[in-house]
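None of the values given here were measured: they were computed from a predicted structure. The first residue of the sequence shown is numbered 1, and numbering continues consecutively from there.
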Amino acid sequence: MSTAQATAVQRSAPSAQGPHLSVRTIFGYGAGDAGCNIAFQMTGLFLLVFYTDVVGISPAHAGSIFLFVKIWDAFADLFAGRMVDRTMTRFGKFRPFILWFSLPLLASNLLAFWIPVESYGLKLVWATVSYALLGLLYSLVNIPYGSLAGAMSQNPVDRSRLSAARMVGSGSTILLLSVILAPKIKSSDNLASTFLVTAVIFLVVGMVMFMTTFFTSKETVYREVERVTFKETMQTLRHNGPLLRLCGSSLFYLIGQNIVSALGIYIANHALAQYAGAGNWLAAVVTIITTGAVLYVGPLGPGVTRKLGKKHGFMTAAGIGIAGGLVFAIANSLLVSLVGLFLIGFGMGLLNTMTWALEADTVEYGEYKTGIRTEGATYAAFSFIRKVGQAVGAAIGAYVLGFVGYNATLEVQPQSVLDGIQTWGALLPAAFFLGAFLIMSRYPLTEAKFQEIMTSIQENRAKRHAELHPDDVA
């Protein structure tokens, strides 16, 4: 094919790599993650406390519920990914799912924090079913939402901006939860009512966030194949080595991250409460500097990408998390403990930002190897592993409480329990962050390699378009 023909074909098969996305579009996309995290972070941060301290479910049973439901969620992600790859509407491929399932998702979050039955057995059933329903609906919203970024732009800096925006959206939700809900865990006279009212308010706020994303985001990346078969999906995933390494590293860091999230309130209200000067404000502070770190770390993502690249940015973040875990493990004062937790949170926030930008790149690698874009399946496979990591991490956090002898009926826990929460809440995350670091060190997609892939994709698109639509070539 001549240069003139290739140029003509590329006009027919445009790329979204050129113009930068507007601030309005970036902001609108980030709002969607705020909506997603109303359900995700509220359950991740507070559902274990709701089960153990409000409903009266034992830590061992709560851990088993988390483990079962999160594994269920992982398979729900694969189902949602196939639904996405088979779908194409006038609204696009991904945006319709946000329109259809966002309200049911937020309503299911309310059900998870409202258990009106008295029997212990029925409590376990309600908790399991309501949490599993939330997980399924979350997959049907979050898989398309996460995949949407790869369809909005192929510009690496824009992808870092989108990733940073979703981290800010996520962090904003965590900040709200930290300020509104976390301080009341210890002081509220009716904690069950507090959880329920918060879920109702967040249902309204969440819908505003989701609709902002729906109306401001556009799918602009060219695709020759709109609906992808199961065979094509498996072919793309099988040849995607970078995706497999990213999944492996994400599995480890998410186990560590979810141990921190599950134990955060217990660390604040018990392990740190032994130090002079500690108060009810600790729960909010610990939540903000650990899980909520994405709010102030997320905007650093594009700068880190420019300076270090996404791979080395990920490894640097893992190193910071490891250092924080070691500092927290040896801390014997409130100040040093908070410094260690801040470093853990900073590392986790940067890991999250780098991860989402890296995931979008693996979509391009899959297209480079097979000629077919499968954002839904790629994101679903990635999210499947993330859910497994979340399941294992949340379960380990609950099992740690049982292992060290935590008793929800006691106002003050024995010193052995306090020491155990601090030790395991520090060393276990650090060990998993180390595993993530070692796996990512073998990740093959550098920034230079990615640019080579993008050039090849443009050439392959032109060639494929010419084969499928020969009449378009002058």
query: For L47 and F113, what are the C-alpha separation, side-chain angles and deciding distance, and is it a side-chain contact (heavy atoms from CB on, under 4.5 Å)?
result: CA-CA 7 Å; L47 194 57; F113 284 93; 3.9 Å; yes
Closer than 3.5 angstrom, by distance alone: can the side chain of [X] be matched with the main-chain N or O of [Y] as a donor-acceptor pair?
X	Y	result
T213	G28	yes
R442	R245	no
D158	L21	yes
E219	K93	yes
T290	G345	no
Q422	D419	no
W424	V400	no
N258	L254	yes
S108	L105	yes

message: Let's go through F97 and Y145 carefully: what are the C-alpha distance in whole Å and the side-chain angles of both, what is the deciding distance for ring pair (Phe, Tyr, Trp, His ring centres under 6.0 Å) to 0.1 Å, and is it a yes or a no?
response: CA-CA 8 Å; F97 288 87; Y145 169 76; over 10 Å; no
So which atom in [X] and which in [Y] form the shortest heavy-atom distance, rounded to 0.1 Å?
X	Y	value
G313	L350	O-CD2, 4.1 Å
I322	A430	CG1-O, 3.7 Å
A268	V286	CB-CG2, 3.8 Å
A127	Y51	O-OH, 3.4 Å
A331	S337	CB-OG, 3.4 Å
W114	W126	O-NE1, 2.8 Å

message: If you count every heavy atom of other residues, nucleotides or ligands that lies below 6.0 Å from F403 atom CZ, does the total exceed 12?
response: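 Count not over threshold, so no.
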field: Passing option when V117 is tested against L122, V125, L124 for side chain to side chain contact (heavy atoms under 4.5 Å, CB included)
entry: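 Looking at L122, V125, L124, the match for V117 under the side chain to side chain contact (heavy atoms under 4.5 Å, CB included) is L122.
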task: Evaluate the criterion side-chain contact (heavy atoms from CB on, under 4.5 Å) for residue pair L136 and W72; output intermediate values, then yes/no.
output: CA-CA 8 Å; L136 174 61; W72 156 272; 4.2 Å; yes
Note, [X] side chain near [Y] side chain (heavy atom, < 4.5 Å):
X	Y	value
L251	I439	no
V49	N269	no
H270	V417	no
N142	F40	no
M440	Y253	no
T43	Y131	yes
L282	L334	yes
K218	R95	yes

Euclidean distance, [Y] [atom2] relative to [X] [atom1], rounded to 0.5 Å:
X	Y	atom1	atom2	result
S172	M209	OG	CE	9.0 Å
I201	L196	CD1	CG	10.0 Å
L137	L106	CG	CG	9.5 Å
I259	F433	CD1	CZ	8.5 Å
I38	L110	CD1	CG	12.0 Å
I396	Y399	CD1	OH	9.5 Å

- request: Report the relative orientation of the aromatic rings in F91 and F214; use parallel for angles under 30°, tilted for 30 to 60°, perpendicular for over 60°.
  value: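 Perpendicular, since the angle between the ring planes exceeds 60°.
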- prompt: Taking it one step at a time, do Q390 and F66 satisfy side-chain contact (heavy atoms from CB on, under 4.5 Å)?
  reply: CA-CA 9 Å; Q390 292 161 10; F66 274 97; over 6 Å; no
message: Using side-chain contact (heavy atoms from CB on, under 4.5 Å), reason through R386 and T355 one step at a time and then give a plain yes or no.
response: CA-CA 11 Å; R386 287 179 61 84; T355 294; 3.9 Å; yes
query: Under the criterion side chain to side chain donor-acceptor pair (under 3.5 Å), which of N352, T353, D33 is the partner of R166?
result: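 Passing option: D33.
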